[in-house]
Structures are given as C-alpha cells and as structure tokens.
Amino acid sequence: MTPDDVPVVYRRLKQYFETHPSPVADFIATRTNDPFRVLVATILSARSRDAMTLHVCARLFKRVTTFDDLARMPVESLEKELHPLGFFRSKTRLLKALPEAVSRLFKGRIPETIEELVQLPGVGRKTANLIVMEAFDKPGMCVDVHVQRICNRLGLIRTRTPRETENRLRDLLPMRYWKTWNRYLVAFGQTQCLPRTPRCSNCPLRSYCVTGREAS
DNA sequence: AAAACGGGGGC
DNA sequence: GCCCCAGTTTT
C-alpha cells in the first residue's frame with residue numbers, strides 16, 4: 001500500500017470499531033484524562049491481558065488515586081492487588097518507585113513532555129507517548145508491538161527503530177487524527193490482527209495485507 | 001502441560 | 001542492539 005491508501009485504512013478501522021465493540025478500546029478510553037491513572041494503568045498493562053489489567057485497575061483506583069496514596073500503601077497490599085497480573089513483585093517495585101521520583105524530579109507533578117516523562121523509572125517512549133496523548137491530549141504516537149506488527153503486515157512502513165516508526169506514522173495523517181489513528185492501530189492489533197492467529201477471514205484490511213495469510 | 005501476555009533497562 | 005527480567009491466566 002501507499003500513503004495514499006492511509007485515509008481508506010483509517011476509515012475502515014473507524015467503521016470496524018463502530019460495529020465491533022472492543023474491550024481494548026474501552027480500556028484505553030477509561031484511562032483518559034487522569035495522568036496518574038494513565039501512568040499506573042500503562043505500567044501495569046505490560047505483559048498482562050487487558051481485561052485483567054482493567055479489573056485490577058478498577059479495584060486499585062478505589063483505594064489509590066494519588067502518589068501519596070501509593071506511597072502510603074503497604075507493599076504487601078499492593079502486591080496482593082497486582083497478583084492476578086503476574087510479575088506482581090516487579091510491578092509493585094515500579095509503582096513504589098514513582099512517588100519519590102516524581103516528587104524529586106518534577107515536584108510531584110507528572111510532566112507533560114516525552115523528554116521529561118522518560119526520565120521516570122519504568123517509563124520509556126511507548127508509555128510516555130501514551131501518557132501525553134491520553135492524559136494531556138497532546139500529539140504523540142505510541143509504538144508498541146501491535147502497532148509495529150500491523151505496520152509490517154500492511155507493508156505500511158519499514159523502519160529500523162521505534163522512534164522512526166513514530167515519525168513515519170504521524171506523517172501519514174493530519175495531526176487531528178493522530179490520537180484516534182494510534183488507538184485504532186493498538187486496539188486492532190490486540191483484538192483482530194493477532195500475532196499468531198490473526199482473524200483474517202473478517203479483516204477489513206485484508207486487501208492491504210502483504211503477509212499472504214488467509215487462515216482463521 | 002503449554003501458550004499467551006511486552007516493555008524498560010543494563011550493558 | 002542484544003539480552004534479561006518474571007508469574008499469572010487461559011487453553
């Protein structure tokens with residue numbers, strides 16, 4: 001496909017999510033607007049299923065909505081809350097490191113730029129991009145494994161680094177579409193264009209796929 | 001019993 | 001750039 005096809009791809013993804021309610025899309029939507037929750041949810045989502053992350057976050061946010069709450073919460077309680085996610089000890093350690101770091105580096109406020117956000121422990125470019133978009137409504141492009149995979153399957157862009165992928169993806173559409181474009185790509189990769197068993201039979205982008213898969 | 005669930009960080 | 005990290009839920 002060529003960059004000229006991107007508006008069509010965008011429209012098809014938009015239609016797809018209008019008719020296919022996606023837990024992932026809902027999940028992303030629930031993170032909107034509160035930087036603390038976006039940050040915590042994004043860190044917890046690594047290597048965990050989104051349905052479970054959503055469940056754990058819903059429970060956690062009843063008790064913890066600020067860095068002070070987080071700092072005060074006993075490690076054992078936090079580990080217990082995070083237990084269903086797996087990797088609960090490392091995730092607890094990551095969350096527990098945040099209050100001090102945010103306080104020391106940014107006077108307790110979550111910063112609004114990528115460059116500042118990645119200074120926080122446990123926050124890399126993927127997480128930082130997601131935070132600026134979902135919490136601060138600023139332009140970004142979060143490239144995770146799903147986005148990367150879809151780009152490859154569509155033959156959309158072939159880049160060497162995630163950083164380069166971010167820029168190329170943004171170049172394809174006007175800025176006002178970046179947020180939804182990014183959400184569609186992430187959600188599509190988690191519900192439809194799966195890594196091992198993609199649901200190709202009802203795929204709205206089949207005509208653009210270069211992998212030749214038609215199974216399942 | 002095996003697979004699925006990835007990003008950050010150290011080097 | 002490459003490798004390591006780390007436990008659950010789901011099939």
Side-chain angles (χ1 to χ4, degrees), chain A residues 22-28 30-31 35-60 70 75-102 104-106 110-111 113-135 140-153 157-167 169 182-200 213 215-216:
Chain A
S22 156
V24 179
D26 293 343
F27 175 61
I28 292 174
T30 63
R31 299 191 283 201
F36 178 82
R37 295 184 195 218
V38 174
L39 173 57
V40 171
T42 308
I43 286 178
L44 294 187
S45 71
R47 205 101 170 131
S48 295
R49 282 175 176 77
D50 280 278
M52 189 55 75
T53 310
L54 186 56
H55 178 248
V56 167
C57 283
R59 283 181 54 96
L60 183 65
L70 202 49
V75 170
E76 315 81 65
S77 316
L78 192 51
E79 288 186 341
K80 198 171 177 182
E81 291 286 339
L82 304 191
H83 197 266
L85 295 175
F87 306 98
F88 57 89
R89 272 184 272 268
S90 42
K91 287 181 177 183
T92 295
R93 227 177 299 122
L94 284 175
L95 292 193
K96 273 297 194 179
L98 283 174
E100 182 276 331
V102 174
R104 176 171 43 84
L105 295 171
F106 304 112
I110 297 178
T113 67
I114 309 274
E115 291 69 28
E116 291 172 304
L117 282 163
V118 293
Q119 295 175 38
L120 292 172
V123 178
R125 290 199 64 83
K126 181 260 179 180
T127 306
N129 270 284
L130 203 139
I131 291 170
V132 297
M133 283 194 301
E134 300 297 342
M141 188 59 65
C142 129
V143 175
D144 62 7
V145 286
H146 305 292
V147 175
Q148 195 70 55
R149 181 175 64 253
I150 293 170
C151 289
N152 292 337
R153 286 184 176 164
I157 49 182
R158 186 67 67 171
T159 54
R160 290 171 293 295
T161 68
R163 182 65 180 273
E164 203 179 334
T165 308
E166 289 174 19
N167 294 327
L169 273 176
N182 202 171
R183 281 178 169 181
Y184 292 151
L185 291 175
V186 172
F188 195 66
Q190 293 184 20
T191 61
Q192 180 77 19
C193 193
L194 305 175
R196 308 271 190 144
T197 52
R199 280 95 191 245
C200 301
R213 295 194 205 220
S216 68

(request) Using the test side-chain contact (heavy atoms from CB on, under 4.5 Å), find all partners of A/S48 that sit at least two apart in sequence or belong to another chain. (result) A/T53, A/L85, A/K91
(request) Output all residues satisfying side-chain contact (heavy atoms from CB on, under 4.5 Å) with A/V145, sequence neighbours left out; order by chain, then residue number. (result) none
(request) Please tell me if the side chains of A/L185 and A/L169 come closer than 4.5 Å, counting only heavy atoms from C-beta onward. (result) yes
(message) Show me, range against range, the stems involving DNA chain B, built from at least 3 consecutive Watson-Crick or G-U pairs below 3.5 Å.
(response) B:1-5 with C:7-11, B:7-11 with C:1-5
Considering only nitrogen or oxygen atoms on both sides, find all protein atoms under 3.5 Å from nucleotides 8-11 of chain C and state each distance.
unit_1, atom_1, unit_2, atom_2, d
C/dT8, OP1, A/H83, NE2, 3.3

(message) In whole Å, measure the gap between the P atoms of C/dT8 and B/dG8 for me.
(response) 23 Å
(message) Can you list everything that forms a ring pair (Phe, Tyr, Trp, His ring centres under 6.0 Å) with A/F87? Sequence neighbours excluded, please.
(response) none
(request) Rounded off to whole Å, could you give me the NZ-to-C1' distance for the A/K91 and B/dG7 pair? (result) 10 Å
(message) For A/E116, give me all partners under salt bridge (Lys or Arg N to Asp or Glu O under 4.0 Å), at least two apart in sequence or on another chain.
(response) none
(request) Determine yes or no for a side-chain-to-main-chain donor-acceptor pair under 3.5 angstrom, with A/R149 supplying the side chain and A/C193 the backbone. (result) yes
(request) For A/T165 and A/R160, run side chain to side chain contact (heavy atoms under 4.5 Å, CB included): C-alpha distance rounded to whole Å, both residues' side-chain angles, the deciding distance at 0.1 Å, then the answer. (result) CA-CA 8 Å; A/T165 308; A/R160 290 171 293 295; over 6 Å; no
(message) Tell me every residue that passes ring pair (Phe, Tyr, Trp, His ring centres under 6.0 Å) with A/H55, counting only those two or more places apart in sequence or in another chain.
(response) none
(request) Residues of residues 142-152 of chain A with any non-hydrogen atom less than 4.0 angstrom from an atom of DNA chain B: list those, numerically ordered, please. (result) A/D144, A/V145, A/H146
(request) Please report, rounded to the nearest Å, how far the P atom of B/dA3 is from the CZ atom of A/R196. (result) 8 Å
When the side chains of residues 117-125 of chain A are checked against the rest of the protein, which donor-acceptor pairs come out under 3.5 Å, sequence neighbours left out?
unit_1, atom_1, unit_2, atom_2, d
A/Q119, NE2, A/E115, O, 3.3
A/R125, NE, A/E166, OE2, 3.0
A/R125, NH2, A/E166, OE1, 2.8

(message) What is the distance, to the nearest angstrom, from the CG atom on A/L82 to the C1' atom on C/dA6?
(response) 14 Å
(request) Mind checking side chain to side chain donor-acceptor pair (under 3.5 Å) for A/N167 and listing every partner two or more places apart, or none if nothing turns up? (result) A/R170
(request) Please report the closest heavy-atom contact between A/M133 and A/N182, naming both atoms and the distance. (result) CE-OD1, 3.0 Å
(message) Taking the C1' atom in each of C/dC2 and B/dG6, what is the distance between them to the nearest angstrom?
(response) 16 Å
(request) Calculate the interatomic distance between A/E79 atom CD and C/dA6 atom P; express it in whole Å. (result) 13 Å
(message) Determine whether A/K80 and A/S77 satisfy the following criterion, side chain to side chain contact (heavy atoms under 4.5 Å, CB included), listing intermediate values before the conclusion.
(response) CA-CA 5 Å; A/K80 198 171 177 182; A/S77 316; 5.5 Å; no
(request) Could you list the residues that satisfy side-chain contact (heavy atoms from CB on, under 4.5 Å) with A/L94, not counting sequence neighbours? (result) A/I43
Pairwise N/O distances under 3.5 Å, protein to nucleotides 8-11 of chain B:
unit_1, atom_1, unit_2, atom_2, d
B/dG8, OP1, A/G124, N, 2.7
B/dG8, OP1, A/G124, O, 3.4
B/dG8, OP1, A/T127, N, 3.3
B/dG8, OP1, A/T127, OG1, 2.8
B/dG9, OP1, A/G122, N, 2.5

